[in-house]
Amino acid sequence: MPGSLILFYVAAAFVLSGGIGVVVSKNIVYCAFSLLVSMIGIAGVFLLAFAEFLALVQILIYGGAVVIVILFALMLTRIEDFRDISDNRNRPLALVISLGLLAMLIASLVRTPTPQGDQSAVSMVELGESLFTDWAIPFEVASLVLLVALVGAIVIVRRDAGDEEQGDPS
Amino acid sequence: MSLSEVFIILAKAVILMLSVSLVVLVLTYAERKALARIQQRMGPTRVGFKGILQPVADSLKLITKEDILPTWADRGVYWLAPIAVFVPAFLMWVTIPVTRQIVVENLDLGLFYITAVSVLSVLGLLMAGWGSASKWAVMGGLRAAGQLISYEIPFIMAILGVAMLAQSLDLTEIVAQQHSVSFALVQPLGLFIFLTSALAELGRTPFDIHHAESEVIGGPFVEYSGAHWSIFFLAEYMNTFTIAVLTVLLFLGGWSWPTMPFEGFLHATLSLIWLLIKTSAVLWLIFWIRGTYPRLRIDQLMAFGWKLLVPLSFLNIVITAIVLFYGLPLWVLTCLSGILLVGAVCIIRLNSSSSMERDTVRLVSAKDVRSKAKFSPLETSGGAE
C-alpha cells in the first residue's frame, strides 16, 4: 500500500470520527472539539490532493476562527441548556434535507471524471492571478455577502436606547 | 516514503525539540535577570555561577511537583489542553529558517503556514479554561480568545505587507530580498504593528489580561501545577522566541543584511551568530517593554486593537499597494509609513495623557511631616494601624 493511501485513510478517519462526534456527543462543547478534529482531517485531505493553499486556509479559517468563535459562544452557556436539543420537531425536515444533500454530493462525485496522470500543486502566483482576473467578480460578490452578514449581525444585536424594557429575546 | 526518510524527519524533530528547549531555559534566566536589572534587584544568584543554573533547578522543581486534577475538571479536555497549546508552538518551527541552510523544511507558503498554525494555540487556552471548570479559568480563557482573535487581524495584515514587498511567502526568499535594505526601513509602520500585535498574541505584559494575576489570578492556568503547567510555560517562551526570530526575519533583514563577504561554512556560522545577536536585541526589547509598561485594562486593550491597530494595518496595506502598483521608489513608502507611524504615536500619547495625570510619588522631607503632623496624609490614610 503506498504511503499516500495510508495518509488518506488517516485523514479520512479524522474526518469521520470528528463528524460522528459532532452528531453523537451529548456535550455541546465536545461537539465543537469534534468539529475541529473533522476540519483538520479535511485539511489533511486537501493536502493529499496537492491543494496546500486550501489546506492552510481550512486550518486558518475553520480550525482557527470558526471553531474558536463557536467555543467562545458556547462557554458562556451551561450544558443543561442544551439537554433536549436532539428532540426537535424539525427532525423529518432535517432528514429530507440531509438525504437530498447526500444525493447531490454522490451525484456530483459520480459525474466528475477522475483526473488522470501526474498531479502537482498549482503555484500560489497562478492561483492569485486567476482569482483576481478570471474570478474577480465571484470573489468580490463573496466578500459582499460577508459584508452583508456582518452588517446584519450588528443590526440584529443592536438595541436602541428606548428598547430596554422589551426584555430578553431568548 | 522510505524508512530512512521517516528516520531523518524524526531526527530533525528531536534536534529541533532539544535546541528549542535549551533556548527556553536560557530565555527564562535572561528574562529574570533583565527584569531584575530594570527593577534594581539582583535576580537569581545562588544556583551555579551568577545563578546560571537556576532554570535547571526550576525545571527539576516543576517536574517533581504534584500534578493536581480538580474534582470538577473535565478530565480529557484538562489534560489535552497543554498539548494543544504546545503542538502549534512547536509546529511553527518546521518552516522557520535560522540560516539559508539550516531549516527543517522550507515551504513555499511558509509565512502563511506560520499564521495558520499560530491561530490554533488559542484553542488550547480555551480548552484549559473550560476544562478546569473554575470561574477564573473560564474568564481567562474567554479573555484569551477575545484578545487573540482581535489582534490576529493586524498581525496577519502586517505580515501581508511584508509578503507584498517581497512578492513571496517563502521566508528564505523574504530574507534574501532584504540583502540591500531591510524592510524595517521601508515599512516602519509595519514593524510597529507587527511587534505590538505580536506582543498581544504572546500575552506578554502590556497585553497580558488573560492571565492577569490581579484580575483573573492566572487565567486559564490557575488550576494547573507541576509538569502540565510547565508545558504552558515552555510554549509561552517558545512563542516569544518565535516572534523575536520572525521579527528579525521579516523586518530586520535576517542573516543577509548587512551583507557579509564570506563564503561557505564561515558564512553559515557568521549568519547564525548575526541572526542570534539581532534576535537577542528584539528579546531584550520585549523584556524591556514588560518591565516598563503597566497592564492595559480590557476595554483599553480592545479599543487599542480595533480602533487603532486594525485601521493602521489596513492603511499599511493600502500605501504598500499604491507604491508597488505605480512603481514608485521605495523611499516614498518609507516616508508615508513614517508619517503614519508618527501620527499613531501622537494619537496614543494624546489619549493616554488624561486629566487624571498626577504625581504618584512625591518627596516629602521629614521636617515638613513633623511640622504639619495634623494634616499629613500619612496620618489620615494609615490611621488603621
Side-chain angles (χ1 to χ4, degrees), chain A residues 1-7 10 21 25-37 39-40 43 46-48 50-79 120-129 132 150, chain B residues 1-3 5-6 74 76-77 80-81 84 87-88 91 95 107-133 135 137-150 152-153 155-156 159 163-164 167-170 173 220:
Chain A
M1 193 153 50
S4 59
L5 199 60
I6 298 174
L7 287 177
V10 172
S25 176
K26 291 268 182 219
N27 185 335
I28 196 153
V29 175
Y30 285 172
C31 293
F33 287 137
S34 309
L35 185 64
L36 175 75
V37 171
M39 295 299 183
I40 288 178
F46 280 146
L47 208 57
L48 286 170
F50 297 103
E52 290 167 9
F53 181 72
L54 216 50
L56 289 176
V57 168
Q58 177 79 13
I59 290 178
L60 182 69
I61 306 293
Y62 287 97
V66 169
V67 173
I68 288 169
V69 171
I70 290 176
L71 278 174
F72 190 83
L74 290 184
M75 280 182 189
L76 293 171
T77 60
R78 287 169 300 156
I79 298 169
S120 62
V122 180
S123 82
M124 182 75 180
V125 179
E126 277 175 50
L127 197 71
E129 268 176 7
F132 284 105
L150 211 70
Chain B
M1 197 187 289
S2 62
L3 205 63
E5 284 179 56
V6 176
D74 194 308
V77 177
L80 269 179
V87 167
L91 279 183
T95 188
L107 303 174
D108 289 342
L109 294 173
L111 208 48
F112 193 48
Y113 168 83
I114 288 172
T115 49
V117 172
S118 72
V119 181
L120 286 182
S121 64
V122 188
L123 215 77
L125 296 180
L126 269 174
M127 282 169 82
W130 188 80
S132 308
K135 290 183 193 103
V138 173
M139 283 312 297
L142 288 177
R143 281 179 165 205
Q147 173 183 345
L148 297 192
I149 290 175
S150 314
E152 196 71 38
I153 299 165
F155 184 71
I156 293 177
I159 288 180
M164 285 165 78
Q167 302 279 301
S168 171
L169 287 169
D170 181 342
E173 176 65 23

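Heavy-atom basis, side chains included; hydrogens, waters and symmetry copies ignored. Chain naming here is simple, since letters A, B, ... match the order of the sequence lines and numbering starts at 1 in each.
- Contacts between B/Leu120 and chain A at a heavy-atom distance below 4.5 Å involve the side chain alone, from C-beta outward.
- A search for side chain to side chain donor-acceptor pair (under 3.5 Å) contacts involving A/Tyr30 returns B/Asp74, not counting sequence neighbours.
- Within 6.0 Å of the CD atom in B/Glu152, the count of heavy atoms belonging to other residues, nucleotides or ligands exceeds 12.
- Using a 4.5 Å cut-off between heavy atoms, A/Val57 contacts chain B through both its backbone and its side chain.
- Heavy atoms closer than 4.5 Å to chain B are found in the side chain of A/Leu36, but not in its backbone.
- For B/Ser150, the side chain to side chain donor-acceptor pair (under 3.5 Å) partners at least two apart in sequence or on another chain are B/Trp306.
- Using a 4.5 Å cut-off between heavy atoms, B/Leu142 contacts chain A through both its backbone and its side chain.
- Rounded to the nearest 0.5 Å, atoms CG (B/Leu109) and CG (A/Leu127) are 9.0 Å apart.
- The minimum heavy-atom distance linking A/Phe72 with B/Ala145 is given by the pair CD1-CB, 3.6 Å.
- Of all heavy-atom pairs spanning B/Thr115 and A/Leu60, the tightest one is O-CD1, 3.8 Å.
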Q) Passes side-chain contact (heavy atoms from CB on, under 4.5 Å), B/Val119 versus A/Ile68? Steps please. A) CA-CA 9 Å; B/Val119 181; A/Ile68 288 169; 4.3 Å; yes

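- Between A/Phe53 and B/Phe112, the ring planes lie parallel to each other; the angle is under 30°, not in the 30° to 60° tilted range.
- Note: A/Ile59 leads A/Ile40, A/Ile59, A/Ile61 in heavy-atom pairs under 4.5 Å with chain B.
- Only the side chain of B/Leu169 comes within less than 4.5 Å of a heavy atom of chain A; its backbone N, CA, C and O stay farther away.
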Go through A/Glu52 and B/Tyr113 one step at a time and tell me if the side-chain contact (heavy atoms from CB on, under 4.5 Å) criterion holds.
CA-CA 9 Å; A/Glu52 290 167 9; B/Tyr113 168 83; over 6 Å; no

